[in-house]
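Below is one structure; the comments refer to it alone.
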Amino acid sequence: MSLTTTQPVGIFDSGAGGLTVAAAVRNLLPEEQIIYFGDTAHLPYGDKSAETVRRYSLRIADFLLSKNCKVILIACNTASAAAFDAVVEHVNGKVPVINVIDPATEYVAANPKLKHVGVIGTKGTIGSGMYPQKINDLSPDKHVVSLATPLLVPMIEEGFIFDDISNAVVKKYLESHELKGIDSLILGCTHYPIIKNQIRKFYDFETVVIDSSQVVAQKLKETLANHNLLSTKRSGEHQFFVSDYSTYFKKLAEMFFEEEIDLQKVTLE
Ligand code: DGL
């Protein structure tokens with residue numbers, strides 16, 4: 001069956017982090033209906049094996065297809081690193097699939113001002129080595145260093161933001177010798193834009209802090225346009241699903257979307 005413009009856009013993450021990407025999509029493409037899935041029962045993905053993250057991701061892809069989505073956007077770096085190829089293979093050409101790593105690495109590779117680039121992300125994302133590899137494939141002269149910062153996702157999901165605890169954790173990580181001398185820092189986890197200003201403040205607003213949500217939303221726009229799938233009129237309310245109910249998730253989603261949301265819990269088999 002062929003796809004139509006009025007079908008929703010499917011977005012997923014392990015939890016609330018992907019809302020940073022979903023909000024950028026909503027701002028850039030207000031006529032698109034979004035269906036968001038946060039796998040809160042299995043969060044964090046960052047310390048799970050690639051095989052486990054793949055298994056979760058394929059289940060979520062099936063869920064989004066069952067909701068009639070016309071595209072799947074993997075709004076999670078860990079799942080993008082571990083499961084993008086598997087999701088593409090699994091959906092077998094039924095819908096286009098977008099990850100968050102390619103748009104970010106293309107953006108950095110194309111920017112000559114960024115020479116000594118740091119990447120922070122989960123253990124899974126950093127361990128995959130994908131950021132340095134993809135940036136250097138496109139632009140071999142860039143010096144790319146990376147650091148796993150595993151405490152940040154649980155900290156953010158627990159609501160420790162803009163306080164002394166999170167400032168201490170951010171400082172401890174960003175002072176690491178791995179990141180010395182960088183001119184730019186990629187937030188290689190979709191949760192991190194939630195604390196972007198804390199990170200910018202650590203650097204006295206001097207180091208370029210790259211939040212890829214906008215370039216990812218732009219990539220989605222191009223992909224939909226290439227498939228003649230851009231919507232011109234929103235066909236329904238945005239919908240939010242989680243695998244485990246979380247009031248924090250609801251609060252964040254309402255903050256990002258500036259509307260009351262009806263959060264639904266679903267169990268994926
Ligand atoms: N927001 C995800 C990412 O970009 C999630 C991380 C996690 O669940 O550990 O990597």
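Just follow the structure's listing: the first ligand is 1, and inside any ligand the first atom is 1.
- A side-chain contact (heavy atoms from CB on, under 4.5 Å) with Tyr173 is found for exactly one of Leu152, Leu179, Ile120, namely Leu152.
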Inset, instruction - Please assess Leu73 against Val25 for the test side-chain contact (heavy atoms from CB on, under 4.5 Å), listing each intermediate value before the final yes or no. - result: CA-CA 10 Å; Leu73 167 50; Val25 168; 4.0 Å; yes

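- Screening Phe63, Phe249, Tyr56 for a ring pair (Phe, Tyr, Trp, His ring centres under 6.0 Å) involving Phe37 leaves a single residue, Phe63.
- Among protein residues, Asp13, Ser14, Pro44, Tyr45, Gly46, Cys76, Asn77, Thr78, Thr122, Val153, Cys189, Thr190, His191 come within 4.0 Å of ligand 1, judged on heavy atoms.
- Counting only N and O atoms by type, the side chains of His238 and Gln33 include no donor and acceptor under 3.5 Å apart.
- Residue Tyr36 forms a side-chain contact (heavy atoms from CB on, under 4.5 Å) with just one option from Leu19, Leu64, Val9, and that option is Leu19.
- The ring of Phe257 has its center closer than 6.0 angstrom to the ring center of Phe240.
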